[in-house]
Each structure stands twice: as C-alpha cells, then as structure tokens.
Amino acid sequence: MQIAAILTVTAEESPRRAFSLIGRRTPENNGSFANTDILGASLLDRTLAKLRDLDTLPPTVLSGRNVSDHVLPSRSTRSGSFIDAWEKAISDYVDAGVETILLVRAGAYADVDYRDLINFHHQTGSPLSHVYCGETSLDIAVVNAALLRNTDDLVRRALSHLIPQQKRFHYDGYINRLRNREDLHQLMQDGLRDQCQLRPVGVEVQSDLWCGEGAQIDSTVSIQGPAFVGAGSKVAAGCRIAGISSIERDCEVDCGTMIDNSMVLRGTYVGMALDVKHSIVGNEKIFNLDRNVEVNVSDARLIGRNSRPIPAWSGLTSFLRSEAQAGD
Amino acid sequence: MSSAVVVKMPEALDARNARKLGRELKSKIAQDAPLVVLDLSRVKDIDLSGIEGLLTCMEEVARQDGSLQLSGVSPEIATLLELTRVNQLMQKFPGFSIEAPQFEVAPETAPEEVPTDAPAQLPVAA
C-alpha cells in the first residue's frame, strides 16, 4: 500500500521578521515556528523524520505565506500559488495510484502516532480521518485518495464533500499549539523535562545535560540542568547555565554570561558578562517573557549572529540529501 | 534639603551622547555626595557605548560618595539593563526620593536641579 504525505508550512518572510520591531509588544507570532530549532531540530525536520519512519513516499513540502489556517482548505478558498501547488501535489499522487494521503500542517506540536492514525483510517474505512484533541481539530488528516480520482472538481471542493463523512481520530496526548514565544519556550522546557516525545538531538553527557555533536563547554561552566547545548555551539569560560535552558545549534555564549530559564536561538552570539533571564534571544533581539517585551539589540557585541552561515531550509536539504543517498 | 540633578537622557544613548552626558554631569556634580537622577523616559535605544556611559556616570557619582537612581525606565530599557547587569550595580547606591520633581522635556542631555527628601530607591525593573 502506498502512502504519500503532504506537509505544509507557513513561511517566515525573512529571518528578521521572526521578531518584530523595537519595543513593540507582540505576544502573538504572525509566522510559524516550524523552521525554528527546538532542542536541536526544527518541527519541520522532526515531522519529516516521523514521516520517514512511516515509510511514506518522499513527502511533498509546501511552504507559503498564505498557507490556509487549516490542513483542509475550505471549498471557498481562492486560488493562489500555494493552494494551486497543494492541489497539484494531491492530484499527482492520485494520478500515480497512491491510496492514502496524509496531510499535515506543521503548526502545533503534538505526539500523534501517524501509524496509529493510518491504521484507524483503514480500520474504519473512513474517506477522511481527522485528528481531534477534544473538540479542537489538529492539522493532521488522512484521505482516501481513490475518492479523489476521476473527479472534475477542484481538489479542495472534492475534499470538502468528504468532510461530513469524516471520522474523528481522538488524541489526548501532549499538545503545544505554538501560538507565541511563550509556547515555544514551554515546548523547549517540556522536552527537557521529558513531558513530551520531543527529545534533545544529542547525547546526555551527564545527568540532565544533553549536548549535540561538537558542542564545546568550558570546564569552568556551571550547569544546573536540565539543559541542552546544540551541535557546534560553544559555551565559554565562567558561564552559568540554569533553570531549564537551551542553547541551540551553532551558537556562542561568551565568557561569564548567565543563561537562566532561557532559549538561545540557533546561530546566535551572546556577548560577555550578560544575564539572559527568562528570555528568548536570537536574530539580534531579546524577548523577555516576564515583561512580554521584545528589544532590538543594535550592538552585535551584546547579541548578534554567530559568524557561521546558516542556510535556510538546511534541515530539508539534509533530509533530501539523505533520501538521495538512500536511493543510490 | 539637598537638591538632585535630574538628567534627561536622549532618545539614542550612543557613544556621542554618552560622552556628552559624562562631560555635563562632571560639571554639575562638583558638590560632595551628589544626588543624581537619570531620566530614561525618552530613551529608545542604547548601544554598548551608552551602557559604558551609564557606568561612567555611576563611577563618577560613586567617587563623590553620591547616589544615583533611574527614572522613566520602560520595560524595554529594563530588559537591556538586566541583560547588561546594570540593574545589579544600581542596587549598590543608597536610595533617595525627589520632592515634587518638575521634569521638563529637554531636547538634548540637560541636567536640572530639583529638591530632594529622605531615601527611597526608585525601581529599575519595570
């Protein structure tokens, strides 16, 4: 049985737009955290890895700024580059004889077992199975592709016709909707506290300290875990890491700085002798969770970008590369 | 009753304004144990030079056994002061209160004097 998967993700307009302008209070995130590393890997990469474990065909990843708010666009959704690409991807799978299509929108984080969902879908014989947490739908659905074959209608309309017959797959596990930076910080902490299946990408080098490959921590650094230091990151002499914190990939935390109950986003330089408390730092900005305020830090000696370039979609390219190697 | 020097800080506290602040403050706090208030209500951006300027002020005031406090600290500036540990240093100064301070918007860094009363440190963190 062939299973295909389409993963949609809201694109960040640019790395700078991941945070807002100076001093503006923006508790809600207008973009998506799908590309943001959390404990060493982005949600996008983690979802792709889950799909790989499911033995789906190589998944189609669609990214756009106008991604529908739901995994199933309504029949009235207007055409556009994203929705057209989404419909074409489904049509291509249908034409290729795929029987089951898994539709996932990388938005909220949930520990849904895709294999259980697929089994549920087949056992119930449902044309459309949709994951629900209580009365709220999650952006994960499975559709019987055969029902979309030989239809002259637009895919979104054909799918809409299936919605009244959909079966609900009830999920009552961990969920984080990742609506704002507080949620992002919470997910990082829940991962380190083993509250969900989001595990740090690395090795637990001592109790409650996970390190990615090539992470360097000076011997004078004081660490009160749980804590995570991502691959290629460097924590210099005299630093202190406390209060369930993560330092993501390719970061540098300079001498004497304290990272407390905080998250240092991928590729960030944090200057010397600073106190980062209950905050998220990155992209030359600090977002203080207590004050719910974001500050543009104009001086790269305080918070800047680490010199190592980080290509966008690097996780996806590495995934595709591994797929290509697997096919060789 | 002693008087406090209130310094209205400019919108951008950079190297140039930090130097100017240092010069003006030195000329205004010739007395022993000066009481200085840095009004940060207009400040929107501080770079490392600005932080160094604040530290220079603190050093100058401390050298004369004076006291320094901050006013008009926005949540954004409080975040930067916490990040750079300036808030911890501020706590070293003895507190004082200002009696009916008359703050006027000054176009540039402009110290002014207002009468002061007994101690009470204004909070740094917003």
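Atoms considered below: every heavy atom in the structure, side chains included; atoms not considered: hydrogens, waters and symmetry mates. Each chain gets a letter, A, B and so on, in the order its sequence line appears, and its residues count up from 1.
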Which donor-acceptor pairs under 3.5 Å do side chains of residues 190-202 of chain A form with protein atoms, sequence neighbours excluded?
from	atom 1	to	atom 2	distance (Å)
A:D190	OD1	A:Q186	NE2	3.0
A:D190	OD1	A:R193	NH2	2.9
A:D190	OD2	A:Y174	OH	2.6
A:D194	OD1	A:R199	NH1	3.3
A:Q195	NE2	A:R193	O	3.3
A:R199	NH1	A:G191	O	2.7

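When the heavy atoms of residues 269-279 of chain A are compared with those of chain B, the residues falling under 4.5 Å are A:A273, A:L274, A:D275, A:V276, A:K277, listed by number. Residues of residues 49-62 of chain B lying under 4.5 angstrom from chain A, judged on non-hydrogen atoms, are B:S49 by number.
With sequence neighbours excluded, the residues forming a side-chain contact (heavy atoms from CB on, under 4.5 Å) with B:D14 are B:R16, B:N17, B:D47, listed by chain and number.
Within 6.0 Å of CD on B:Q88 lie more than 12 heavy atoms contributed by other residues, nucleotides or ligands.
Contact between B:D45 and A:N296 at its shortest, heavy atoms only, is OD1-O, 4.3 Å. The nearest pair of heavy atoms linking A:R291 to B:E82 is NH2-OE2, 3.6 Å.
For the atom pair CG (B:L48) and CG (A:L302), the distance works out to 5.0 Å, reported to the nearest 0.5 Å. Distance check: A:N288 CG to B:L83 CG gives 9.5 Å after rounding to the nearest 0.5 Å.
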